[in-house]
Visitor: 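Please find one structure pasted underneath; my questions will follow.
Reminder, nothing fancy here: chain letters follow the sequence lines and each chain counts from 1.
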Amino acid sequence: MRTGHLLPLFVFNPRKTSGPLTYPRMPPLTGFRDFYPEECAGRNAIFSVWRSVATRYGFVEYDGPPLESLELYQKKSGAEIASQLYNFTDKGERHVALRPELTPTLARMVAERHRDFKKPLKWFAIPQVFRYERPQKGRLREHYQLNCDILGEPSLEADAENIALAIDVLRAFGLTSDDFVIRLSDRQFWVDLLIARNVPQEKWYDFFQAIDKSEREPEEKTREKLGPLADEVLGILANGAESARLDAVERSLTVRGFGACYKRDFTIVRGLAYYTGIVWEAFDRTGQFRAICGGGRYDDLLKNLGGVDMPALGFGMGDVVLGELLKARGKAPATAQTLDYFVAIADETVRENAMELVQKLRDAGKRTDFAIAIGTKLGKQLETASARGARHAIVADAKLKSGEAELKDLQTREQRTVPVASLLGVVA
RNA sequence: GCGGCCGUAGCUCAAUGGUAGAGCUCCAGAUUGUGAUUCUGGCUGUUGCGGGUUCGAGCCCCGUCGGUCGCCCCA
């Protein structure tokens with residue numbers, strides 16, 4: 001009984017699956033994703049692997065708020081960071097931001113209650129994080145990021161443990177040392193060199209920038225940026241250098257059986273601000289994707305952010321690049337969503353008996369569905385059952401009233417009459 | 001914030017400046033108790049949007065929005 005004056009937006013006609021476009025589409029915002037069931041299953045499969053491996057390494061899960069004070073990030077990265085994140089003023093005039101990373105939150109939480117926890121802490125989280133920048137390949141405005149951190153342990157064995165976890169996460173997806181490589185570097189090595197060569201601290205930023213870009217820029221440009229240090233630095237980038245810290249980490253990885261998974265590479269400096277020791281990134285061997293994951297030691301961050309002097313390190317792994325890589329290598333986790341039973345109602349006079357059976361199956365833990373629409377043709381119901389990935393169809397007919405049903409194997413198409421009782425537990 | 005490329009049906013794509021189409025998907029029927037194939041029918045567009053040129057624009061021009069790739073930046 002439509003009166004005709006309703007806006008098209010509010011008219012719902014279930015018989016029409018598609019119709020004239022009567023109002024503008026509302027796609028998700030730039031850089032944000034919808035997760036339809038298939039994508040959601042894929043995302044959850046990734047989460048499941050992440051959780052499984054992290055807990056296997058003795059890490060425990062935590063989380064923080066998705067919204068934090070803007071100051072928390074500015075304190076760590078400078079005021080200009082605001083231009084790169086989602087920030088706004090809330091109704092209480094507070095300057096807030098959607099979290100661009102979890103590490104400041106972690107530092108805040110640990111500083112707040114560090115006395116409550118035995119050291120070292122091995123914590124992981126799977127936050128959705130946000131950044132305000134133009135989307136590009138492997139980089140959106142939101143993504144989910146596995147974060148694994150070890151706090152309160154200064155030894156290099158902690159660095160190795162963290163990197164080993166990252167390697168094992170990648171292995172758990174079916175990737176091998178043929179697919180990826182950890183590029184290991186030592187930020188402290190560069191700092192030592194800068195001090196030894198009397199480079200003033202205000203020039204360090206440009207120095208790290210030059211190293212970071214040396215792969216993507218012509219050598220002449222890098223030389224120009226490095227000035228008098230050019231020969232020495234380019235030699236180190238090309239041929240490596242001595243580092244007792246890297247020796248220790250590499251030894252630990254090798255005895256764990258990961259000798260083929262890493263290479264020493266001093267071009268990795270990981271951003272600019274807070275890393276203090278070992279830093280590393282994982283890349284796919286073909287180089288067609290940006291970094292899969294990366295991390296390092298940040299021993300000063302907790303002191304600077306929360307006033308608690310505690311060594312710390314960690315890594316982050318996003319779902320976007322990882323998902324692209326797994327898809328390209330045919331290693332995307334299987335996401336088939338199936339049913340144990342689909343109850344097809346062949347005879348509407350037994351619908352109530354069929355619903356009783358559906359409920360019993362569900363109570364018994366069986367994934368069970370049925371055709372809600374009354375009077376759906378049996379053929380259509382079986383088609384649905386098959387499309388939904390059900391292993392068996394149960395054809396509910398008059399025999400159901402005497403405790404029997406037709407059980408049909410949807411793969412073999414074989415069908416037999418069975419007592420209903422046998423469906424509740426015995427038959428899988 | 002800057003630049004390259006691309007925007008046609010839900011999806012993948014056609015259409016010399018001259019009446020906007022196909023395949024797939026979806027829904028239904030052939031088939032009122034049996035799903036893979038097959039056949040038939042149905043739904044579907046302000047050609048992203050707004051201007052301009054032209055007798056006439058999906059096509060050419062300008063702008064804008066969106067997508068994508070890169071730059072900047074990288075947590």
Visitor: How would you list, by chain and number, every residue that makes a salt bridge (charged side-chain N to carboxylate O under 4.0 Å, His left out) with A:Glu356, sequence neighbours excluded?
Guide: A:Lys360
Visitor: Restricting to salt bridge (charged side-chain N to carboxylate O under 4.0 Å, His left out), what partner residues turn up for A:Lys225, sequence neighbours left out?
Guide: A:Glu217
Visitor: Could you check A:Glu61 against A:Arg51 for side-chain contact (heavy atoms from CB on, under 4.5 Å), going step by step and ending with a plain yes or no?
Guide: CA-CA 8 Å; A:Glu61 189 165 2; A:Arg51 279 204 176 88; 2.8 Å; yes
Visitor: Taking N or O atoms only and anything under 3.5 Å, show me the protein contacts with nucleotides 64-68 of chain B, one pair per line.
Guide:
unit_1	atom_1	unit_2	atom_2	d
B:rG67	OP1	A:Thr30	OG1	2.8
B:rG67	OP2	A:Thr30	OG1	2.9

Visitor: Suppose you measure atom P in B:rG63 against the same atom in B:rC26; what distance do you get, rounded to whole Å?
Guide: 43 Å
Visitor: Please work out whether the ring planes of A:Phe207 and A:Trp190 are parallel, tilted or perpendicular, with thresholds of 30° and 60°.
Guide: perpendicular
Visitor: Using the P atom on both, measure B:rC74 against B:rU16 and round to a whole Å.
Guide: 48 Å
Visitor: Quick one: sort the A:Phe189 and A:Phe266 rings into parallel, tilted or perpendicular, breaks at 30° and 60°.
Guide: tilted
Visitor: Using a 4.0 Å cut-off on heavy atoms, which residues in residues 349-362 of chain A reach RNA chain B? List them by number, or say none.
Guide: none
Visitor: If I take atom CD in residue A:Gln84 and atom P in nucleotide B:rC74, what distance separates them, rounded to the nearest angstrom?
Guide: 7 Å
Visitor: Could you state the CZ-C1' distance from A:Phe342 to B:rG35, rounded to the nearest angstrom?
Guide: 11 Å
Visitor: Looking only at atom P, what distance separates B:rG23 and B:rU31, rounded to whole Å?
Guide: 24 Å
Visitor: With distance as the sole test, does A:Glu348 use its side chain to make a donor-acceptor pair with the main-chain N or O of A:Gly375 at under 3.5 Å?
Guide: yes
Visitor: Round to the nearest Å and state the distance from A:Gln209 atom CD to B:rC73 atom P.
Guide: 5 Å
Visitor: Applying side-chain contact (heavy atoms from CB on, under 4.5 Å) to A:Gln145 and A:Gln128, what does each step give before you reach the verdict?
Guide: CA-CA 6 Å; A:Gln145 189 184 61; A:Gln128 189 178 24; over 6 Å; no
Visitor: On the side chain of A:Arg139, is there an atom forming a donor-acceptor pair with the base of B:rC74 - under 3.5 Å, no angle test?
Guide: yes
Visitor: Using the C1' atom on both, measure B:rA14 against B:rG45 and round to a whole Å.
Guide: 15 Å
Visitor: Between the side chains of A:Thr417 and A:Glu404, is a donor N or O closer than 3.5 angstrom to an acceptor N or O?
Guide: no
Visitor: Please, which pairs that meet ring pair (Phe, Tyr, Trp, His ring centres under 6.0 Å) have at least one residue in residues 143-167 of chain A, sequence neighbours excluded?
Guide: A:Phe47-A:Tyr144
Visitor: Determine the Euclidean distance between corresponding C1' atoms of B:rU25 and B:rC43; express it in Å to zero decimal places.
Guide: 12 Å
Visitor: According to side chain to side chain donor-acceptor pair (under 3.5 Å), does anything in residues 296-323 of chain A pair up with another residue at least two apart or in another chain? List the pairs.
Guide: A:Arg33-A:Asp319, A:Asp149-A:Tyr298, A:Asp159-A:Arg297, A:Arg297-A:Asp299
Visitor: Applying a 4.0 Å non-hydrogen cut-off, can you work out what A:Leu410 is touching in the nucleic acid: base, sugar-phosphate, or nothing?
Guide: base
Visitor: Rounded to whole angstrom units, what separation is found between the CE atom of A:Met317 and the P atom of B:rC74?
Guide: 22 Å
Visitor: C1' atom, B:rU68 versus B:rG48: distance in rounded Å?
Guide: 15 Å
Visitor: Going by ring pair (Phe, Tyr, Trp, His ring centres under 6.0 Å), name the pairs with one or both residues in residues 315-334 of chain A, residues two or more places apart or in two chains.
Guide: A:Trp280-A:Phe315
Visitor: Rounded to the nearest Å, what distance is computed from the OH atom of residue A:Tyr73 to the P atom of nucleotide B:rC73?
Guide: 22 Å
Visitor: Could you list the residues that satisfy salt bridge (charged side-chain N to carboxylate O under 4.0 Å, His left out) with A:Asp397, not counting sequence neighbours?
Guide: A:Lys399
Visitor: Just to be sure I understand: a Watson-Crick pair is purine N1 to pyrimidine N3 plus N6-O4 or O6-N4, both under 3.5 Å. Using that and G-U wobbles, which stems of three or more pairs involve RNA chain B?
Guide: B:1-7 with B:65-71, B:10-13 with B:21-24, B:26-30 with B:38-42, B:48-52 with B:60-64
Visitor: Quick one: which protein N/O atoms are closer than 3.5 Å to N/O atoms of nucleotides 29-34 of chain B? Pair and distance per line, please.
Guide:
unit_1	atom_1	unit_2	atom_2	d
B:rA30	OP2	A:Lys377	NZ	2.8
B:rG33	N1	A:Asp397	OD2	2.8
B:rU34	O2	A:Lys408	NZ	2.9
B:rU34	O2	A:Gln415	OE1	3.4
B:rU34	N3	A:Gln415	OE1	2.8
B:rU34	N3	A:Gln415	NE2	3.4
B:rU34	O4	A:Gln415	NE2	2.7

Visitor: Could you tell me how far B:rU44 sits from B:rG10 if I compare only their P atoms? Round to whole Å.
Guide: 11 Å
Visitor: Rounded to the Å, how far apart are A:Arg270 CZ and B:rA75 C1'?
Guide: 8 Å
Visitor: Of all residues at least two apart in sequence or in a different chain, which pass the salt bridge (charged side-chain N to carboxylate O under 4.0 Å, His left out) check with A:Glu161?
Guide: A:Lys122, A:Arg256
Visitor: Would you kindly give the CD1-to-P distance between A:Ile126 and B:rA75, to the nearest whole Å?
Guide: 21 Å
Visitor: Using a heavy-atom cut-off of 4.0 Å across all strands, would you classify A:Thr103 as base, sugar-phosphate, or nothing?
Guide: nothing
Visitor: B:rU46 and B:rA20: how far apart are their C1' atoms, nearest whole angstrom?
Guide: 13 Å
Visitor: Side chain of A:Thr376, backbone of A:Ile374: donor and acceptor closer than 3.5 Å?
Guide: no
Visitor: Name all residues meeting the side-chain hydrogen bond (donor to acceptor under 3.5 Å, both in side chains) criterion together with A:Asp284; count only those two or more places apart in sequence or in a different chain, and write none if there are none.
Guide: A:Thr286, A:Arg329
Visitor: Figure out the OH/C1' separation between A:Tyr36 and B:rC11, and round it to whole Å.
Guide: 12 Å
